[in-house]
Amino acid sequence: MIAKAQPPSGQRHSAGAQLILRVLQQFPPYRWTQARLLKWGVRGRTAVVAIPYFWLLLFFLIPFVIVLKIAFSETQIASPPYQPLFEWAGDKMLHIKLNLGNFMFLVEDNLYWKAYLNSMKVAFISTLLCLLVGYPLAYAIARANTTWRNILLMMVILPFWTSFLLRVYAWIGLLKNNGLINNFLMWLGIIDEPIVMLQTDFAIYVGIVYSYLPFMILPLYSNLEKMDLTLLEAAADLGSRPFKSFLTITLPLSMPGIVAGSMLVFIPAVGEFVIPALLGAPDSLMIGKVLWTEFFSNRDWPVASAVAIALLLLLVIPIVLLQRAQNAEARGAHR
Amino acid sequence: MSRRVPVFRLSVLVFGFAFLYVPILSLIFYSFNKSRLVTVWGGFSTEWYGKLFQNDQILNAAWLSLKIAAINATGAVILGTLAGLALARFGKFSGRTLFSGMTTAPLVMPEVITGLSLLVLFVAMEQIFGWPQGRGVTTITIAHMTLTMAYVTVIVQSRLSTLDDSLEEAAMDLGARPAKIFFLITLPIIAPALVSGWLLAFTISLDDLVIASFVSGPGSSTLPMVIFSKVRLGVSPDINALASIMVLLVTIGVVIAGILMQRQEKRRQRDMQMAATGK
C-alpha cells in the first residue's frame, strides 16, 4: 500500500500547534514564568493539577463551608444579613456562637417538612414516569440500525441544546385552560369543558419528564446498545418468548443504566425551581422554591442556608447510588 | 435479527419524538400568530419578530448573555482540559480523591445550592478582600465557569481514557518535553472533545437562570432572567419569536457541529488505519 497518497491530517494540525508553541516560547513572559516556576521546583505537571484544584477549592468547597457557617448563625438586619459565628472578644478569646435555631425552625415549622416530603414525592413520581417514557424509547433507539441510531440519538439530544426555560414555557401554552391540548380535545368532542392542567402537580410532572428525558435516555441507551444480543438469540432458541426474554435478560442487565438514569433525573428534580415556579400552583411546596423565597423574598440567609444543608443531606443517598451505578457501568465497559 | 421494524418499536419512536418535538414546534407555530392571545390563531404575521428587535431590554440582555457565555466557555475549556488531563493521565497524586469528587459534584448539585453558596462566597470575599466589588458580569462568569468546567472535565477525561497513550509515550521516548507533547499530540487528538465541551459550556451558561439570579447584581440581568420575569406574568408572543430564533440557531449549530465532528472522526480513523496498515 502506498502511504504517501495523502499526508495524515495529524501533521496539518501539528503544524498549526507547532507555530503556536513557537510563538508562545518567544514571548518573554512565558520564559520568565517558566524559569521562575522551575526555580521554585514547580513543574508543568504540578501547575496542571494546581490551577483547577485551586479554582475548585475556592469556588466550590469553601462556599459550602461558608453556607454551613451561616446556617448556624443568627439573622440580623444588616448587610450581610447574618451575625458572625466567630468573634474575637477583647482578651484574645474566641467566642463561638453556635445557633441551632435555624435547624430547629426547620424541624418545628410544618411548612418545611411538607416541602421536603412533597419534593421527594414529586421527584419520585416524575422519575418513575420518566423511566416509563424513556426506557421504551432508549430500547427502540438502541435496536434501530446504525444509521438511524445516530440520527435518532441526535434528535434526542437536540432539544437539550435549546433553552430549558423556553421549553418549560412551551408547556404553559399547551396546558393552559384555553391552550392547545384543551382546544384540541374540545374540538374532538371528548370534553366539553377545559381540564385544569396548568398550576397542578400534573403540570410539574409533565415539565420534569419533558425537561429531563435526555438524562434518562442517554445512560439507558449506552447500556442497552452494548448488550450482547446473542443472549436473546440463545433464549429464543431455547423456546423463550420475547417478553419473557426481556424480563429475565434485558431488564436485569440494564439495571445500572436504569439506576444511573433515574438518579440523574431524581437529583435535580428534588431541588428544581423553574418548573414548579412556572407550571405549578403558586402555593405548591417544592424545596427549591422555598429556598428561593426564603432568600429573595424574606432575605433570611441563615434559614435559606439551613434549607440548603438539609437538602444536600437528603441527596447524599441518591448521589452515592449514582456513583455506584456509574462505576458498575465503567467496569462493564472494560470487561 | 429481523430486518423489519416491529410495530411496537416504531410506535414508541413516533410517540416519543412527538412528545419531544410538539411543544417546540407549537412555540414556533404560534410565533407567527397575529393575535396577541397566544393560543388563538389570528392569521399569519411576523410582527412579533419586529417587536422583538425593538425591545431594548431583551436585546441588551441577550448581548450580555452571549458575552458571558463566550468568556465562560473559553475559561471552562481551559480549566476543564487541565483537570481532565490530570485525572486521565497523571495516575495517583496527592488529593486525587478530593479533586475528582470536586470535579463531578457540580454536575449533580441542585442549582439553588450552587447559586446560594457562590453568592455567600462572593459576599464574604468582598468583606475580606474588597473584591469582587458588587456583583455582576464577573461573578456570573466565575459561577458559570465553576459549573461548566465540570462538564468539560468529564468530556476530556472520557475522551482521553478511550485513547491509548502510546503516541504520547513514543514522543516522550524520543525526547519531547511534556509541554510539546501536549500541544503537538494530545491537543490535536482531543480537539473534537474540546469543541463539544466549549459548545456545551456556552449553552449551559446561556441557559442558566437560577445560579445567575443568585450571583448577579443590579443592571446585569441575563437573558434567562428577563425571559423568566416576562413569562411569570403570562404567555407573550414576542417570547415565542425569541424562542423560534434560538431553536433555529441551535439546530443549525448542532447540525454543522455534528457533520464536522463526524468528518473529523472518519479522517482520524482513516489515518489510524493507514498508520496501521501502510508501511
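Each chain gets a letter, A, B and so on, in the order its sequence line appears, and its residues count up from 1.
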Gap between atom [atom2] of [Y] and atom [atom1] of [X] - 0.5 Å precision:
X	Y	atom1	atom2	answer
B:R232	A:L278	CZ	CG	7.5 Å
A:L61	B:L98	CG	CG	6.0 Å
A:L166	B:I245	CG	CD1	11.0 Å
A:L213	B:F19	CG	CZ	6.5 Å
B:M109	A:L312	CE	CG	5.0 Å
A:F64	B:L118	CZ	CG	8.0 Å

Between [X] and chain B, which part of the residue has a heavy atom less than 4.5 Å away: side chain, backbone, both or neither?
X	answer
A:L152	both
A:I217	neither
A:P268	neither
A:V156	both
A:I157	neither
A:W55	side chain
A:L165	both

For this session: Evaluate whether atom CZ of B:F15 has more than 12 neighbouring non-hydrogen atoms of other residues, nucleotides or ligands under 6.0 angstrom away.
Result: no
Exercise. Quick check: are there more than 12 heavy atoms from other residues, nucleotides or ligands sitting under 6.0 Å from CZ of A:F184?
Worked result: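 No.
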Pick from [options]: which one has the most heavy-atom pairs with chain A under 4.5 Å?
options	answer
B:L249, B:T251, B:I239	B:I239
B:L85, B:L206, B:I185, B:L199	B:L199
B:S213, B:A105, B:G80	B:S213
B:I227, B:V210, B:V22, B:T146	B:T146
B:T103, B:L242, B:L200, B:T104	B:L200

Among [options], residue most engaged with chain B (heavy-atom pairs, under 4.5 Å):
options	result
A:L57, A:V270, A:V133	A:L57
A:M155, A:M263, A:R167	A:M155
A:L137, A:V67, A:L322	A:L137
A:V274, A:L311, A:V65, A:L315	A:L311

So, do [X] and [Y] sit near enough that their side-chain heavy atoms are less than 4.5 Å apart?
X	Y	answer
B:F182	A:V48	no
A:Y169	B:K230	no
A:L56	B:M149	yes

Exercise. Should the ring pair B:F93 and A:Y53 be called parallel, tilted or perpendicular, given that the plane angle runs from 0 to 90° and is split at 30 and 60?
Worked result: perpendicular
For this session: Anything under 30° is parallel, anything over 60° is perpendicular, the rest tilted; go ahead and classify A:F296 against B:F214.
Result: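 Rings of A:F296 and B:F214: tilted, as their planes differ by 30° to 60°.
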Minimum-distance pair of heavy atoms, taken over all atoms of [X] and [Y]:
X	Y	answer
A:A308	B:I113	O-CD1, 3.5 Å
B:S117	A:P63	O-CB, 3.3 Å
A:S305	B:L116	CA-CD2, 3.9 Å
A:G271	B:V112	O-CG2, 3.8 Å
B:L20	A:Y210	O-OH, 2.7 Å

Exercise. Can B:D207 and A:W161 be said to form a side chain to side chain contact (heavy atoms under 4.5 Å, CB included), step by step?
Worked result: CA-CA 9 Å; B:D207 202 20; A:W161 289 91; over 6 Å; no
Exercise. Given the rule in the side chain to side chain contact (heavy atoms under 4.5 Å, CB included) test, do B:L209 and A:F164 qualify, once you have shown the distances and angles that lead to the verdict?
Worked result: CA-CA 9 Å; B:L209 166 73; A:F164 166 71; over 6 Å; no
